[in-house]
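Some notes on the structure that comes next.
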Amino acid sequence: MIDTNNPPAWEAPKGAWAGEPCFIIGGGPSLKAVDVNRLRGKGRVIAINAAFLIAPWADALYIADLGCYQNFKDRLHLFEGEHFVTRSKISGVDPAHNVKRVKKSLKLALSTDAGTVVGQDSGSNSLNLAYLFGASPIYLLGFDMTPGNWHELHHKPQDVKHFKTYTHYLTQMAPELARRGVEVFNCNPKSALTCFPFADLEGVLA
């Protein structure tokens, strides 16, 4: 029996998505204007938190904390993808969900260790995960870094302090990804996250 309080570590299959684009679906309100079904067949997709409800076919689902897991656990059977990933500190996870667990580091700008992701939030964690999978370019959707969500399902309201923390880790990660030749684009030109160049999603999907 799996000990859900001390689960085995998982390592991302480094390079498994090499040469493929990846879309990361976040939680910002700008996502209300996006039909995520248009991403199908355009590249790999990582759904963050509730995004698996609108993209159950995503390649990976990333949930960073216990509150989100508890909030969505009764609907996780809807997720059809291969990888459900979370951080090792989350306890009491149902073994039936086949969760893959990685470590979290707050000391690095970017983790190259297949079993570790960087950052305090699911956005930076997921971006590091996409890097480990070898994806490039990587497109960020719903990374608004402003209060609010595209849904009403968040277990904990996000305030300005949260977004400053999230932006901090992503800003540290940006030059490290660029140095390694990984292209990252923010698909919301009104986003408060400005460390990555902006891209027009319509043009990307054309």
Minimum side-chain heavy-atom gap [X]-[Y] below 4.5 Å:
{"X": "S124", "Y": "Y166", "answer": "no"}
{"X": "L66", "Y": "V93", "answer": "no"}
{"X": "D59", "Y": "F23", "answer": "no"}
{"X": "L141", "Y": "L31", "answer": "yes"}
{"X": "L108", "Y": "L110", "answer": "no"}
{"X": "E80", "Y": "L78", "answer": "no"}
{"X": "N49", "Y": "F72", "answer": "yes"}
{"X": "I63", "Y": "F84", "answer": "yes"}

Original post:
Side chain of N186, backbone of P197: donor and acceptor closer than 3.5 Å?
Top reply: no
Original post:
Among L170, V117, D121, L132, which residue meets the side chain to side chain contact (heavy atoms under 4.5 Å, CB included) test with L127?
Top reply: L170
**OP:** Could you walk me through whether R101 and E11 pass salt bridge (Lys or Arg N to Asp or Glu O under 4.0 Å), step by step?
**Re:** CA-CA 8 Å; R101 296 175 182 264; E11 292 190 351; over 6 Å; no
Original post:
Does R44 pair with E82 as a salt bridge, N-O distance under 4.0 Å?
Top reply: no
Original post:
Should the pair H83 and W10 be assigned to parallel (<30°), tilted (30 to 60°) or perpendicular (>60°) ring geometry?
Top reply: tilted
**OP:** Using the rule that two of Ile, Leu, Val, Met, Phe, Trp, Tyr join whenever any of their side-chain heavy atoms come within less than 4.5 Å, decide whether M145 and F198 are in one cluster.
**Re:** no
Subject >> Candidates Q120, K104, R87 - the one meeting side chain to side chain donor-acceptor pair (under 3.5 Å) with N125 >> reply: R87
